[in-house]
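Atoms considered below: every heavy atom in the structure, side chains included; atoms not considered: hydrogens, waters and symmetry mates. We number each residue from 1, following the sequence as shown.
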Amino acid sequence: MELHLVHTSINVTPQRTTVIAVRFTLEEADDTNSFLAQFFPQLPPVTQPVTTRTTIRIQLPFKEIKGAYYRYNGSLTTPPCTEGVNWAVIAKLATFSPAQFNQLRAAIPVDNARPLQNVNGRPVTFFAL
């Protein structure tokens, strides 16, 4: 699973977007990821279509996002797939529990991943911190 933290500038022309991608792997133990747990109360029921955006306050996952990362220029993964997006993909995998996986699967019962895109000559840079 991958979580995208999308940040868009305001009052800047042209508008700039940066995505921090945190990748997760399923942990066999039932060790709840406290960062992901913040989102579960906000998940709509499966039968309720999402028609509005909601702003929530979250505690950023500094434990998960510190350290080495990959950097490249790409696009958003959802329509209209806007280009010119700065991506930072955290190298270290975070973990989440089987119970959290089940909660997410109940809220999002279908896979929603965009197909892999070609690199198309874009440089991908690794930063070790």
Side-chain angles (χ1 to χ4, degrees):
M1 180 181 82
E2 188 171 288
L3 172 70
H4 296 164
L5 302 168
V6 181
H7 306 273
T8 304
S9 63
I10 57 174
N11 301 325
V12 175
T13 304
Q15 191 174 48
R16 295 191 178 122
T17 301
T18 297
V19 176
I20 300 172
V22 182
R23 300 172 309 135
F24 290 84
T25 187
L26 191 59
E27 181 70 35
E28 292 298 323
D30 199 16
D31 189 18
T32 299
N33 182 295
S34 60
F35 174 70
L36 286 180
Q38 298 175 92
F39 295 98
F40 294 128
Q42 308 297 327
L43 293 174
V46 176
T47 58
Q48 176 187 337
V50 177
T51 57
T52 61
R53 290 183 181 220
T54 303
T55 301
I56 61 173
R57 291 188 175 272
I58 61 169
Q59 180 67 38
L60 288 176
F62 292 112
K63 182 176 90 177
E64 281 90 355
I65 66 174
K66 70 179 182 181
Y69 64 97
Y70 299 91
R71 165 83 174 68
Y72 67 95
N73 290 321
S75 62
L76 292 176
T77 59
T78 55
C81 301
T82 307
E83 297 207 10
V85 175
N86 299 312
W87 279 82
V89 179
I90 306 306
K92 180 182 173 187
L93 291 173
T95 60
F96 68 122
S97 71
Q100 288 179 312
F101 173 81
N102 292 334
Q103 284 180 288
L104 287 168
R105 183 50 82 186
I108 308 168
V110 295
D111 290 334
N112 66 348
R114 178 183 180 188
L116 288 177
Q117 305 296 302
N118 290 327
V119 175
N120 292 327
R122 289 177 294 208
V124 176
T125 308
F126 179 73
F127 293 91
L129 301 177

Distance-minimising heavy-atom pair for Ser75 and Cys81: CB-O, 3.5 Å

Met1 to Leu36 - nearest heavy-atom pair and separation: CE-CD1, 3.7 Å

Glu2 side chain vs Arg23 backbone, donor-acceptor pair below 3.5 Å: no

Check: Thr77 side chain, Arg114 main-chain N or O, donor-acceptor pair, under 3.5 Å: no

Ser97 side chain reached by Glu27 side chain, heavy atoms, under 4.5 Å: no

In one Ile/Leu/Val/Met/Phe/Trp/Tyr side-chain cluster, 4.5 Å: Phe35, Val19: no

Thr32 side, atom OG1; Phe40 side, atom CZ - distance, nearest 0.5 Å: 8.5 Å

Gln100 side-chain N/O to Asn33 backbone N/O, donor-acceptor pair under 3.5 Å: yes

Side-chain heavy atoms of Thr17 within contact of Thr82, under 4.5 Å: no

Parallel, tilted or perpendicular: rings of Trp87 and Tyr72 (30°, 60°): parallel

same_hphob_cluster(Val22, Leu104) at 4.5 Å side-chain heavy-atom cutoff: yes

Rounded distance [0.5 Å steps], OH in Tyr70 versus CZ in Phe127: 12.5 Å

Straight-line distance of His7 NE2 to Ile20 CD1, nearest 0.5 Å: 4.0 Å

Phe126-Val124 co-clustered via ILVMFWY side chain contacts under 4.5 Å: yes

Flag, side chain of Glu28 to backbone of Leu26, donor-acceptor distance under 3.5 Å: no

Spatial distance of atom CG (Asn73) from atom CG (Asn86) [nearest 0.5 Å]: 5.0 Å

Verify same cluster id: Val6, Val89 (apolar side-chain graph, 4.5 Å): yes

For the student: nearest non-hydrogen atoms of Pro41 and Gln38, plus distance: CD-O, 3.5 Å

